[in-house]
Amino acid sequence: MSSNVRLPAAQQFGWRLGSLLGLLLIWQLSALWVASDELPPPAQVWQSLSVEWHSGDLQLHISATLRRVVAAFLVAMLLGTALGMLMGSSRRADALLDSWLLIALNIPALVVIILCYLWLGLSDTAAVIAVALNKIPTVIVTVREGARAIDRELLDVGRAFRLSRSKRFWRIYLPQLSPYLMAAARSGLSLIWKIVLVVELMGRSDGVGFQLGVFFQFFDIASILAYTLAFGAIILSIEYLLVQPLERRANRWRQHG
């Protein structure tokens, strides 16, 4: 079977479920072997997760984190995409902004977070801006490469057929750019999740990062793992129920658009 052929949905689900169950089994066996509070077994973590759920704390902190993730993701994607398209399409803009981009890519995330809190205060606005600023440069880089790879001859064909600028953008330009946009979105989510937790740990009074900091102070490893599992479940749900379907739709649009 060719490696490019996708498995049927049922087989994909079976392999993924089997992989997760295998990880659970390894965890259980490791906990039995270590026999220490430093590695609680799955049952203990599940019990902690249940307590957090019934108290309402889990929903409160996860919803706060999700709000920040969504806001920072939208800001980063909108600004990063616009700047990436500009730099990929204009040599002058690329030459003007490239040095700024290199600096932004290499400034540590912690520095950006601290400065945003010092300048804007310990607020949600500062938290979202700090996360977005850390992600925008990587979106720019990915989208810029996509804009550079656009087939200009296809755009010329659109002009020859007297398509309007908006139709050339939606029917020719964007379908070619869509794989790069999806790559930027996927990598963006993976980075934003992590930075949001650091932002919450340093300067917010709610969210998963804040709660993990509380558990750390009490050396509550079971609760830390419980929130990690809940967070992981949300990430997997977004990936399989939202990101991958959008990616498949974008690819069909690219092929048949």
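Note: hydrogens, waters and symmetry copies are ignored here, and every other heavy atom, side chains too, is used.
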inquiry  = Strictly by salt bridge (charged side-chain N to carboxylate O under 4.0 Å, His left out), give each pair with a member in residues 78-89 just once, sequence neighbours left out.
reply    = none
query = Closest approach of L181 and M77, non-hydrogen atoms and distance?
reply = O-CE, 3.9 Å
key: Short side-chain donor-acceptor distance under 3.5 Å, E145 and Y180   = no
key: By side-chain contact (heavy atoms from CB on, under 4.5 Å) - contacts of P40 (at least two apart)   = Q44, V45, I221, A222, L225
ask   = Does the S187 side chain pair with the main chain of A184, one donor and one acceptor, at a distance under 3.5 Å?
value = yes
ask   = Are F216 and L201 side-chain neighbours, meaning at least one heavy-atom pair lies under 4.5 Å?
value = no
query = Taking all atoms of both residues into account, what is the closest heavy-atom pair of L58 and A230, and its distance?
reply = CD1-CB, 4.0 Å
inquiry  = Can you give me the closest heavy-atom contact between A147 and G88, atom names plus distance?
reply    = CB-CA, 3.7 Å
request  = Side-chain contact test, heavy atoms from C-beta onward, threshold under 4.5 Å: evaluate it for L32 versus P41 and give yes or no.
outcome  = no
ask   = Would a distance-only check, ignoring hydrogens and angles, find a side-chain to backbone donor-acceptor pair under 3.5 Å from H61 to G207?
value = yes
request  = Taking all non-hydrogen atoms of both residues into account, name the closest pair between M202 and I114 and its distance.
outcome  = CE-CG1, 3.6 Å
Spacing of L96 atom CG and R91 atom CZ [to the nearest 0.5 Å] = 16.0 Å
key: Which residues share a side-chain contact (heavy atoms from CB on, under 4.5 Å) with L242, sequence neighbours left out   = I238, L246
ask   = According to the salt bridge (charged side-chain N to carboxylate O under 4.0 Å, His left out) rule, which pairs have a member within residues 109-119, sequence neighbours left out?
value = none
Close side-chain approach of M87 to V143, heavy-atom, < 4.5 Å = no
note = dist S190:OG -> K194:NZ (nearest 0.5 Å) comes out at 5.5 Å
task = Check the pair V75 / K135 against side chain to side chain contact (heavy atoms under 4.5 Å, CB included), numbers first and verdict last.
result = CA-CA 9 Å; V75 171; K135 179 53 193 170; over 6 Å; no
query = Quick one: does S237's side chain have a donor or acceptor within less than 3.5 Å of a partner on A233's backbone?
reply = yes
message = Nearest 0.5 angstrom please: I224 CD1 to L212 CG, how far?
response = 6.5 Å
key: Separation of F73 CZ from L191 CG (nearest 0.5 Å)   = 11.5 Å
key: side-chain contact (heavy atoms from CB on, under 4.5 Å) involving L83 - partner list, sequence neighbours excluded   = L97, I140
ask   = Hey, does I129 have a side-chain heavy atom less than 4.5 Å from the side chain of L120?
value = yes
message = Could you check whether any side-chain N or O of Q59 sits under 3.5 Å from a backbone N or O of W53, counting only pairs where one atom can act as donor and the other as acceptor?
response = yes
request  = Measure the CG-OG1 distance between L49 and T228 for me, rounded to the nearest 0.5 Å.
outcome  = 10.5 Å
remark   = Interatomic distance, CG@L86 vs CG@D94, rounded to 0.5 Å, equals 9.0 Å
request  = Show your working on side chain to side chain contact (heavy atoms under 4.5 Å, CB included) between D98 and R144 and close with a plain yes or no.
outcome  = CA-CA 11 Å; D98 185 64; R144 180 178 64 176; 3.0 Å; yes
message = Going by side chain to side chain donor-acceptor pair (under 3.5 Å), name the residues that satisfy it together with R186, two or more places apart in sequence or in a different chain.
response = E239, E247
inquiry  = Tell me every residue that passes ring-ring contact (aromatic ring centres under 6.0 Å, His included) with F231, counting only those two or more places apart in sequence or in another chain.
reply    = W193
key: L197/F210 under side chain to side chain contact (heavy atoms under 4.5 Å, CB included): CA gap, chis, key distance, verdict   = CA-CA 7 Å; L197 296 191; F210 166 79; over 6 Å; no
key: Electrostatic pair D124-R67, nearest N-O below 4.0 angstrom   = no
key: With sequence neighbours excluded, residues passing ring-ring contact (aromatic ring centres under 6.0 Å, His included) with Y117   = none
request  = Go through the structure and list residues passing side chain to side chain donor-acceptor pair (under 3.5 Å) with T65, not counting sequence neighbours.
outcome  = E200
query = S63: what forms a side chain to side chain donor-acceptor pair (under 3.5 Å) with it, not counting sequence neighbours?
reply = none
Check: A130 main-chain N/O paired with N134 side-chain donor or acceptor under 3.5 Å = yes
inquiry  = If the condition is side chain to side chain donor-acceptor pair (under 3.5 Å), which residues does S90 pass it with, not counting sequence neighbours?
reply    = none
inquiry  = Testing the basics here: between C116 and L133, what is the closest heavy-atom pair and its distance to 0.1 Å?
reply    = SG-CD1, 4.1 Å
request  = Taking all heavy atoms of A132 and all of A72, pick out the closest pair and write down the distance.
outcome  = CB-O, 3.9 Å
task = List the steps, then state whether side chain to side chain contact (heavy atoms under 4.5 Å, CB included) holds for E52 with Q211.
result = CA-CA 11 Å; E52 291 293 314; Q211 195 70 345; 3.7 Å; yes
Qualifying residues under side-chain contact (heavy atoms from CB on, under 4.5 Å), relative to A104, sequence neighbours excluded = P137
